[in-house]
Q: 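Here it is: the structure, laid out below.
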Amino acid sequence: MGRRPQPDIKDRLLDACADHALAHGLPDRLEPLVTATGTSARMLIYHFGTRDALLRAVLGRARRRQLDTFGDLLRVRPGEPYTVTLDRAWTSITGSDGRPYLRMFSQLHPSAVRQLWPDFRRTATTDWLGPIEDGLRSIGRPELATLVLAVIRGLLMDLDATGDTTRTDRAFRDFLATLERLPSSGDRT
């Protein structure tokens with residue numbers, strides 16, 4: 001008689017693997033994850049089936065954490081202009097809370113992502129559109145969600161490439177100031 005699946009153990013292993021990947025990047029070998037979890041490669045494979053299935057699960061867990069953490073930051077807050085909400089979200093995403101996600105996801109080689117999670121790039125873009133569109137609806141400009149997301153993603157790529165937080169922060173705040181000056185959709189003729 002074989003062992004029964006133990007979801008609580010698998011979940012703890014997955015959390016430890018995701019913690020490691022966020023701190024050090026997604027490894028291309030199992031050994032760093034073995035060390036991070038304090039278990040064996042055999043046990044990781046037992047719980048996840050294959051190395052790729054484990055890495056796919058790690059990506060998924062890290063992505064879920066990112067969505068949970070930053071999705072809440074993008075939600076409309078009564079009485080707060082949405083540009084203030086966006087500014088706070090930017091500060092968190094580019095700060096110490098967000099850097100592990102930015103580092104891990106930016107270091108992924110496109111061919112590895114296609115193999116592990118074929119629709120990752122599309123999903124990693126479109127899953128932010130809904131919350132941003134909802135927020136922009138509060139200022140009468142939901143149609144600008146793609147533009148706002150493109151500016152955020154572009155500045156994140158710039159920050160990753162240059163490390164120049166001062167310049168990218170200033171550029172984002174200049175963009176927000178421009179956004180504040182735009183009339184709402186209903187005000188345009």
Side-chain angles (χ1 to χ4, degrees), residues 1-75 86 88-132 149-150 152-165 168-169 172:
M1 182 186 228
R3 288 178 139 182
R4 284 191 207 176
Q6 298 171 311
D8 56 323
I9 292 173
K10 182 178 180 177
D11 200 49
R12 282 196 312 266
L13 291 172
L14 184 54
D15 275 335
C17 290
D19 291 344
H20 176 82
L22 287 167
H24 305 285
L26 193 68
D28 54 358
R29 300 173 302 118
L30 282 180
E31 288 76 18
L33 298 179
V34 166
T35 302
T37 59
T39 191
S40 66
R42 184 180 70 74
M43 288 308 294
L44 289 175
I45 297 302
Y46 168 77
H47 284 286
F48 294 94
T50 66
R51 174 192 156 276
D52 282 359
L54 170 61
L55 295 178
R56 198 172 8 265
V58 169
L59 277 174
R61 178 64 54 99
R63 185 68 180 146
R64 173 60 24 222
R65 287 181 187 176
Q66 184 187 39
L67 288 169
D68 290 346
T69 300
F70 301 117
D72 187 52
L73 288 172
L74 293 171
R75 284 186 180 71
L86 286 171
R88 183 182 314 101
W90 172 262
T91 299
S92 186
I93 290 167
T94 60
S96 60
D97 290 342
R99 286 216 174 110
Y101 299 101
L102 297 175
R103 183 176 46 249
M104 185 179 110
F105 292 124
S106 72
Q107 290 173 350
L108 292 173
H109 192 274
S111 64
V113 172
R114 278 192 299 275
Q115 176 186 347
L116 294 172
W117 190 344
D119 202 28
F120 176 79
R121 288 173 30 129
R122 182 182 195 292
T123 302
T125 300
T126 58
D127 56 13
W128 295 114
L129 284 173
I132 292 172
L149 183 58
I152 291 170
R153 290 178 58 86
L155 287 172
L156 289 174
M157 289 173 57
D158 185 318
L159 179 60
D160 182 51
T162 67
D164 191 341
T165 55
T168 53
D169 286 350
F172 189 68

Q: Can you list, pair by pair, the side-chain donor-acceptor contacts under 3.5 Å of residues 26-33, counting residues two or more places apart and other chains?
A:
from, atom 1, to, atom 2, distance (Å)
Arg29, NH1, Glu31, OE1, 3.2

Q: Applying side-chain contact (heavy atoms from CB on, under 4.5 Å), run through Arg63 and Thr123 and close with a yes or a no.
A: CA-CA 10 Å; Arg63 185 68 180 146; Thr123 302; 5.5 Å; no
Q: Return all side-chain donor-acceptor pairs below 3.5 angstrom for residues 67-75, not counting sequence neighbours, or 'none' if the list is empty.
A:
from, atom 1, to, atom 2, distance (Å)
Asp68, OD1, Arg64, NH1, 3.0
Thr69, OG1, Arg65, O, 2.9
Arg75, NH1, Gly71, O, 2.9

Q: Could you give me the CA-CA distance, side-chain angles and deciding distance for Leu44 and Arg51, then say whether side-chain contact (heavy atoms from CB on, under 4.5 Å) is met?
A: CA-CA 8 Å; Leu44 289 175; Arg51 174 192 156 276; over 6 Å; no
Q: Any idea which heavy atoms bring Met104 and Gly25 closest together, and the distance?
A: CG-CA, 4.4 Å
Q: Within the structure provided, determine whether Phe172 and Thr94 are in side-chain contact (heavy-atom separation under 4.5 Å).
A: no
Q: Distance from Leu155 atom CG to Asp160 atom CG, nearest 0.5 Å?
A: 12.5 Å
Q: Could you give the distance from CG (Asp11) to CG (Asp8), rounded to the nearest 0.5 Å?
A: 8.0 Å
Q: Output the distance between atom CZ (Arg99) and atom OG1 (Thr165), rounded to the nearest 0.5 Å.
A: 6.5 Å
Q: Output the distance between atom CD1 (Ile45) and atom OG1 (Thr50), rounded to the nearest 0.5 Å.
A: 6.0 Å
Q: Could you tell me if the side chain of Thr168 sits less than 4.5 Å from the side chain of Trp90, heavy atoms only?
A: yes
Q: Is Leu149 close to Thr125 at the side-chain level, that is, under 4.5 Å between some pair of heavy atoms?
A: yes
Q: Would a 4.5 Å heavy-atom cut-off, applied to side chains only, mark Arg12 and Thr37 as touching?
A: no
Q: Going by the angle between their ring planes, with limits at 30° and 60°, are Tyr101 and Phe105 parallel, tilted or perpendicular?
A: parallel
Q: How close do Arg153 and Ala124 get, counting heavy atoms only, and between which atoms?
A: NH1-O, 3.6 Å
Q: First locate atom CZ of Arg61, then atom CZ of Arg56, and finally report the distance between them rounded to the nearest 0.5 Å.
A: 15.0 Å
Q: Kindly write out the residues that satisfy salt bridge (Lys or Arg N to Asp or Glu O under 4.0 Å) with Arg88, not counting sequence neighbours, or none if the list is empty.
A: Glu80
Q: Does some side-chain heavy atom of Leu14 sit less than 4.5 Å from a side-chain heavy atom of Lys10?
A: no
Q: How many angstroms lie between CD1 in Ile152 and CG in Leu159, if you round to the nearest 0.5 Å?
A: 13.0 Å
Q: Looking only at non-hydrogen atoms, find the nearest pair between Ala18 and Val58 and report the distance.
A: CA-CG1, 3.9 Å
Q: For Thr162 and Asp158, which I'm curious about, is there any donor-acceptor pair between the side chains at under 3.5 Å?
A: yes
